[in-house]
Amino acid sequence: MKKKILVLGFALMMTASISACNAKGSASNDAASTQSQQAESKQDDTKQAESKEADSKQASSEQEDIKFPEFNAKTVAGEEISSDIFKDSKLTVVNIWGSWCGPCVHEIPELQKLYENMKEKNVNVVGIAQDSGSDFDAVKEVLDKNNVTYHNIIPEGDVESFVMSLQAFPTTVFIDSNGNIIGGIQGARDLEGFTKIVDEILAKQG
């Protein structure tokens, strides 16, 4: 099972030119944060433009028979939750983040807006707080500060192994009602960026 989870994690590895943190917790530079170096800024601008063009392809790329690990866990709010939650929605946006990651925290309000806006389309949003087991108070503070109402899972077992196999945060995966991962992106997005990706996936689902 661990080997399968690692393969699943590596399948989602993408060069994140949009603001992201690596697994060790350091932030990567994007076009907006490299103004002091003109050459680097031009390079980052090009990468960011290419990344935006590739978002839809990344998010909707076929990953046959790759399922999100089944789980029975608790949320940061203390509620029981299981992988059966995927059955209740046409699409679930699962955002994997950490309280130590600036870009992760920055996009939390955008995900809350997405959650509120997409209910009518039967789209759910779920968070997985990578460090909720080791730094619970910091995670809860971020969620409380941003009035987050969507579930945030404390990762355990196979889900924790999957989370730890990722190379950058935030990572967002898109899961259908059968628990299949049908796409994934790395790096922070705003509401507009998330909405565009979700709408394109829904259109392809029919």
Side-chain angles (χ1 to χ4, degrees), residues 9 12-36 44 47-48 51-52 55 58-59 68 71 73-79 81 85 92-119 123-156 159-175 183-198:
L12 292 168
M13 286 173 58
M14 303 164 195
T15 301
S17 59
I18 292 178
S19 187
C21 298
N22 64 30
K24 294 181 179 179
S26 60
S28 64
N29 291 330
D30 61 11
S33 64
T34 56
Q35 297 175 359
S36 62
D44 284 347
K47 288 182 179 179
Q48 186 164 343
S51 178
K52 287 181 178 179
D55 270 353
Q58 291 175 350
F68 192 84
F71 61 88
K74 285 190 175 181
T75 68
V76 174
E79 300 169 307
I81 191 170
I85 194 173
T92 302
V93 179
V94 177
N95 178 255
I96 303 152
W97 65 285
S99 66
W100 47 267
C101 170
C104 298
V105 174
H106 183 73
E107 75 173 357
I108 293 290
E110 304 299 292
L111 287 159
Q112 177 63 30
K113 294 174 187 174
L114 183 74
Y115 172 66
E116 295 168 358
N117 292 352
M118 287 289 173
K119 288 180 180 179
V123 174
N124 192 18
V125 175
V126 172
I128 299 179
Q130 179 265 337
D131 57 332
S132 53
S134 59
D135 203 352
F136 180 86
D137 290 341
V139 168
K140 193 172 187 305
E141 181 179 355
V142 171
L143 297 176
D144 290 346
K145 182 178 179 180
N146 290 285
N147 298 313
V148 172
T149 57
Y150 59 86
H151 292 302
N152 271 267
I153 299 169
I154 300 174
E156 297 178 351
V159 173
E160 184 175 19
S161 296
F162 168 68
V163 169
M164 298 309 294
S165 75
L166 299 174
Q167 299 299 301
F169 298 89
T171 288
T172 303
V173 293
F174 302 89
I175 302 176
I185 56 174
Q186 287 185 340
R189 302 297 192 278
D190 58 12
L191 176 61
E192 181 181 359
F194 278 123
T195 301
K196 180 180 178 182
I197 294 170
V198 168

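Note that this is a predicted model, so its numbers are computed, not measured.
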Return the minimal non-hydrogen interatomic distance between [X] and [Y], and the atom names on each side.
X: G102; Y: C21; answer: N-SG, 3.9 Å
X: V148; Y: Q112; answer: CA-OE1, 3.3 Å
X: V76; Y: F136; answer: O-CZ, 3.3 Å
X: P109; Y: N146; answer: CG-OD1, 3.2 Å

To the nearest 0.5 Å, what is the distance between [atom1] on [X] and [atom2] on [Y]?
X: I108; Y: N147; atom1: CD1; atom2: CG; value: 12.5 Å
X: C101; Y: N22; atom1: SG; atom2: CG; value: 9.0 Å
X: E116; Y: T149; atom1: CD; atom2: OG1; value: 5.5 Å
X: F194; Y: F174; atom1: CZ; atom2: CZ; value: 6.5 Å
X: Q130; Y: T171; atom1: CD; atom2: OG1; value: 10.5 Å
X: W97; Y: I128; atom1: CH2; atom2: CD1; value: 11.5 Å

Could you name each residue pair satisfying side chain to side chain donor-acceptor pair (under 3.5 Å) that touches residues 133-143, not counting sequence neighbours?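 Residue pairs passing side chain to side chain donor-acceptor pair (under 3.5 Å), neighbours aside: K140-D144.
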Flag side-chain contact, heavy atom, 4.5 Å: [X] against [Y]:
X: N117; Y: L191; value: yes
X: I197; Y: I185; value: yes
X: N152; Y: V126; value: no
X: V163; Y: F169; value: yes
X: F68; Y: V159; value: yes

For S165, is there any backbone N or O sitting under 3.5 Å from a side-chain donor or acceptor partner on Q167? yes
Under the 3.5 angstrom rule, does the side chain of Q186 hit a backbone N or O of P170 as a donor-acceptor pair? no
Criterion side chain to side chain contact (heavy atoms under 4.5 Å, CB included) on I81 and F71, from CA distance to verdict: CA-CA 8 Å; I81 191 170; F71 61 88; 4.2 Å; yes
Evaluate the criterion side chain to side chain contact (heavy atoms under 4.5 Å, CB included) for residue pair T92 and V123; output intermediate values, then yes/no. CA-CA 6 Å; T92 302; V123 174; over 6 Å; no
My understanding is that only residues two or more places apart in sequence, or in another chain, count here; which of them pass side-chain hydrogen bond (donor to acceptor under 3.5 Å, both in side chains) with [X]?
X: N95; result: E107, T172
X: D131; result: S99
X: E160; result: none

Under the salt bridge (Lys or Arg N to Asp or Glu O under 4.0 Å) test, residues paired with E110 that sit two or more places apart: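 So E110 forms a salt bridge (Lys or Arg N to Asp or Glu O under 4.0 Å) with K113.
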Greater than 12 external heavy atoms within 6.0 Å of K74's NZ: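 12 or below, so no.
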Residues that E79 engages under side chain to side chain contact (heavy atoms under 4.5 Å, CB included), provided they are two or more places apart: T75, A77, H151
